Amino acid sequence: MLVPHPKKRSSNRLLFWCSVCTLLFTFLGTAFVIIAYLSILPLILAIIHLTAILTGMILLGVTGREDLRLAILVFSAGWMAMGIGGIFLEVYKDPGQLSSDAMHFFRLASAEDAITDLETLRRLTGGALAVVLWQWVYDLFAMIGFPRAQYVGIMVNVSVMTVAAILGGRMIQTLFNENVNRLRRYALLFASSGLFWLFAGLHLRDAIATITVTFLTFIWVRYLASPGSFRRLVFMVAFTMLLTPFLTFLRTEYFIFPVLYLATAAFSFQWKDLSNKARMVSPLIMAIAIASVILLVYQYGPTVQLILEGRQSDYADLSYEESGAGSVSFQLIVNQPTVVRFPMGLIYLAIMPVPIWSGFGQGSALLFFRSVNVFSFYLITAMIIAAVTLYVRNKLLRRPPLTFILISSLIFVSAIALTSLEVRHVGTILPGLLVFVSLLDGSKNTDQRILKNSLALVLIGAFAAHILWIAAAVI
């Protein structure tokens with residue numbers, strides 16, 4: 001009797017779970033959406049969106065079986081998240097969707113006489129670019145008879161996150177040569193992430209921010225994996241710089257992304273792969289690009305000063321409102337000096353929310369998704385620790401694209417630890433992080449051992465944080 005190879009058995013298990021999750025998410029999503037909205041129009045809308053995504057993939061030549069499976073799995077997960085969000089909105093009258101950012105975005109985007117000027121919108125909201133995108137979709141579907149209901153805008157988020165997942169899948173194929181197991185593991189991690197559910201299931205700008213950052217990561221990973229001519233390098237630098245004003249229409253503080261990406265790309269280059277001309281001139285181009293962006297920042301000095309000096313105070317107030325004054329984050333982290341806040345903030349981002357059940361029974365979809373996220377994020381955090389360990393130990397893994405993702409992600413997460421302490425903001429770079437952890441080879445005993453030790457470390461840290469929370473609650 002022939003015994004299947006271990007890698008073959010692993011691949012079959014991953015395929016099985018991908019198929020099961022797709023069917024389960026589709027069934028639950030359909031049930032939740034119909035219960036929430038009492039209409040089949042959202043189902044028709046979902047079919048239109050999925051057809052558009054698959055058609056776009058075919059036209060772009062992204063026709064691999066695993067690519068299509070990834071797209072359908074992630075879309076079905078987003079469909080279910082939309083249904084869950086709809087239940088909270090329509091059945092439980094979720095205050096987080098009726099009176100906060102989600103409702104603000106919905107009103108700006110769905111009005112028949114909506115404001116379309118970006119500069120005017122910027123004065124009303126921090127997500128002007130996302131609002132304009134939603135406006136186009138609301139107007140388009142209103143022309144063919146769809147109501148201007150929230151699910152029309154939320155479906156855009158479902159589709160956008162699906163495209164972000166596809167871009168991540170393409171990065172994995174670029175870096176790991178069509179490795180089926182890595183693609184399927186990535187698909188399951190992405191589709192089971194509570195952060196993805198949150199972005200796809202609520203009328204928030206995070207999905208639009210995620211696809212923008214993921215696309216920027218995608219083009220640089222593709223370039224760093226195979227550096228081309230000097231002309232292509234100039235185009236990459238110019239394109240990244242030109243994105244600066246657009247990114248600020250999503251979040252003002254995103255002006256830092258071009259600076260971050262150009263500096264990280266410059267550090268990650270393998271100069272021997274560039275032509276002699278590019279090898280001499282590219283550092284100068286990088287310096288000019290970074291100096292130009294810094295000049296833009298200087299030009300908008302008051303705005304930048306507000307971000308650097310006021311963000312921490314603003315986020316402290318937000319943490320107070322969302323988590324309560326008795327939360328561990330507010331008591332032990334938010335108002336602490338930087339030297340204490342930074343390391344504790346990094347730890348808390350890995351294990352929040354504390355307690356993990358804090359989002360259940362609150363009638364809030366946002367808090368519910370944050371708590372659900374724990375069940376996948378503990379594993380993802382452990383995988384990040386294990387992947388970084390392997391990256392440091394193995395010189396062969398220190399390739400420019402992986403170096404680029406790692407350094408840019410670490411800087412971004414560090415900034416979050418010093419400002420918002422909101423794991424939702426980590427979700428913006430989650431596709432890139434899931435690409436990075438794909439360097440783990442599940443078939444190697446060494447990788448498995450490091451991952452198990454990393455997971456044990458995360459679970460011990462989470463347990464200790466909950467003990468601390470109990471002690472703080474008693475005191």
Side-chain angles (χ1 to χ4, degrees), residues 29-53 55-56 75-76 78-164 197-212 249-251 363-366 369:
T30 303
F32 292 155
V33 167
I34 291 177
I35 292 172
Y37 298 106
L38 300 177
S39 171
I40 64 168
L41 285 179
L43 178 59
I44 296 173
L45 186 65
I47 293 172
I48 294 173
H49 274 260
L50 181 57
T51 301
I53 291 172
T55 301
F75 188 89
S76 68
W79 170 243
M80 183 185 69
M82 174 178 154
I84 294 172
I87 292 288
F88 275 97
L89 173 64
E90 301 293 340
V91 178
Y92 297 109
K93 305 302 178 184
D94 178 4
Q97 297 187 69
L98 290 174
S99 60
S100 65
D101 283 352
M103 180 55 67
H104 183 54
F105 288 134
F106 169 64
R107 288 172 176 166
L108 287 174
S110 62
E112 293 187 17
D113 57 346
I115 300 170
T116 58
D117 180 67
L118 281 174
E119 285 295 342
T120 303
L121 281 170
R122 189 206 288 269
R123 292 193 287 269
L124 299 174
T125 176
L129 194 61
V131 170
V132 170
L133 174 60
W134 285 320
Q135 286 173 351
W136 292 343
V137 176
Y138 276 112
D139 291 342
L140 173 63
F141 282 99
M143 292 173 58
I144 58 177
F146 279 86
R148 293 177 179 271
Q150 279 196 339
Y151 64 76
V152 175
I154 294 173
M155 184 56 69
V156 174
N157 291 356
V158 174
S159 297
V160 161
M161 290 305 295
T162 301
V163 175
W197 293 5
L198 192 159
F199 291 178
L202 301 181
H203 207 301
L204 297 172
R205 60 183 165 175
D206 298 273
I208 315 299
T210 300
I211 184 63
T212 306
F249 283 112
L250 285 172
R251 286 187 186 275
S364 168
L366 188 149
F369 286 135

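Since we're looking at a predicted model, the values are computed, not measured.
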Output for pair (Arg205 CZ, Trp134 CH2), nearest 0.5 Å, gives 9.0 Å
Close side-chain approach of Leu198 to Leu204, heavy-atom, < 4.5 Å
yes
- Query: Any donor and acceptor pair, going by atom type alone, linking the side chain of Asp94 with main-chain N or O of Ala365 inside 3.5 Å?
  - Reply: yes
Of all heavy-atom pairs linking Ala36 and Gly83, the shortest is CB-O, 4.5 Å
When every non-hydrogen atom of Ala207 is compared with those of Val160, the smallest separation belongs to O-CG1, 3.3 Å
Rounded to the nearest 0.5 angstrom, the CE-CG distance for Met103 and Leu108 is 11.5 Å
Stepwise, does the side chain to side chain contact (heavy atoms under 4.5 Å, CB included) test hold for Trp197 with Met80?
CA-CA 8 Å; Trp197 293 5; Met80 183 185 69; 3.4 Å; yes
Separation between CE (Met82) and CG (Leu202), nearest 0.5 Å, reads 11.5 Å
Rounded to the nearest 0.5 angstrom, the CG-CZ distance for Leu41 and Phe141 is 11.5 Å
Check: Okay, side chain of Tyr138, backbone of Val152: is any donor-acceptor separation there less than 3.5 Å?
Finding: no
Verdict with supporting geometry, Tyr92 and Ile87, side chain to side chain contact (heavy atoms under 4.5 Å, CB included): CA-CA 7 Å; Tyr92 297 109; Ile87 292 288; 3.7 Å; yes
Ala111 meets the side-chain contact (heavy atoms from CB on, under 4.5 Å) criterion, sequence neighbours left out, with Asp113, Ala114
Q. Hey, does the side chain of Gln97 reach the backbone of Gly85 with a donor-acceptor pair shorter than 3.5 angstrom?
A. yes
### Query
Leu43 versus Val33: any side-chain heavy-atom pair under 4.5 Å?
no
*Please check if atom CD in Glu119 has more than 12 non-hydrogen atoms from other residues, nucleotides or ligands closer than 6.0 Å.*
yes
In this structure, CZ of Arg107 is separated from CD of Gln150 (nearest 0.5 Å) by 9.5 Å
Rounded to the nearest 0.5 angstrom, the CH2-CG distance for Trp79 and Leu45 is 8.0 Å
Assess whether side chain to side chain contact (heavy atoms under 4.5 Å, CB included) is satisfied between Thr116 and Val132, documenting all intermediate values.
CA-CA 6 Å; Thr116 58; Val132 170; 5.6 Å; no
| So, do His203 and Val156 sit near enough that their side-chain heavy atoms are less than 4.5 Å apart? | no
**Prompt:** So do the side chains of Ser159 and Phe75 get within less than 4.5 Å of each other, counting heavy atoms only?
**Reply:** yes
* Is the number of heavy atoms from other residues, nucleotides or ligands within 6.0 Å of CD1 (Ile40) greater than 12? -> no
Correct closest heavy-atom pair for Gly78 and Ala200 would be CA-CB, 3.9 Å
* Evaluation steps, side chain to side chain contact (heavy atoms under 4.5 Å, CB included), between Ile44 and Phe146 -> CA-CA 10 Å; Ile44 296 173; Phe146 279 86; 4.1 Å; yes
Taking distance alone, no hydrogens or angles, what donor-acceptor pairs closer than 3.5 Å link side-chain atoms of residues 120-131 to residues at least two apart or in another chain?
| from | atom 1 | to | atom 2 | distance (Å) |
| --- | --- | --- | --- | --- |
| Thr120 | OG1 | Asp117 | OD2 | 2.8 |
| Thr125 | OG1 | Gly127 | N | 3.2 |

Test side chain to side chain contact (heavy atoms under 4.5 Å, CB included), reference Phe199, set Ile211, Asp206, Ile208, output is Asp206
Looking only at heavy atoms, the pair that brings Pro95 and Gly363 closest together is CD-O, 3.8 Å
Closest heavy-atom pair, Arg148 versus Ser110, reported as atoms and distance to 0.1 Å, is CD-O, 2.9 Å
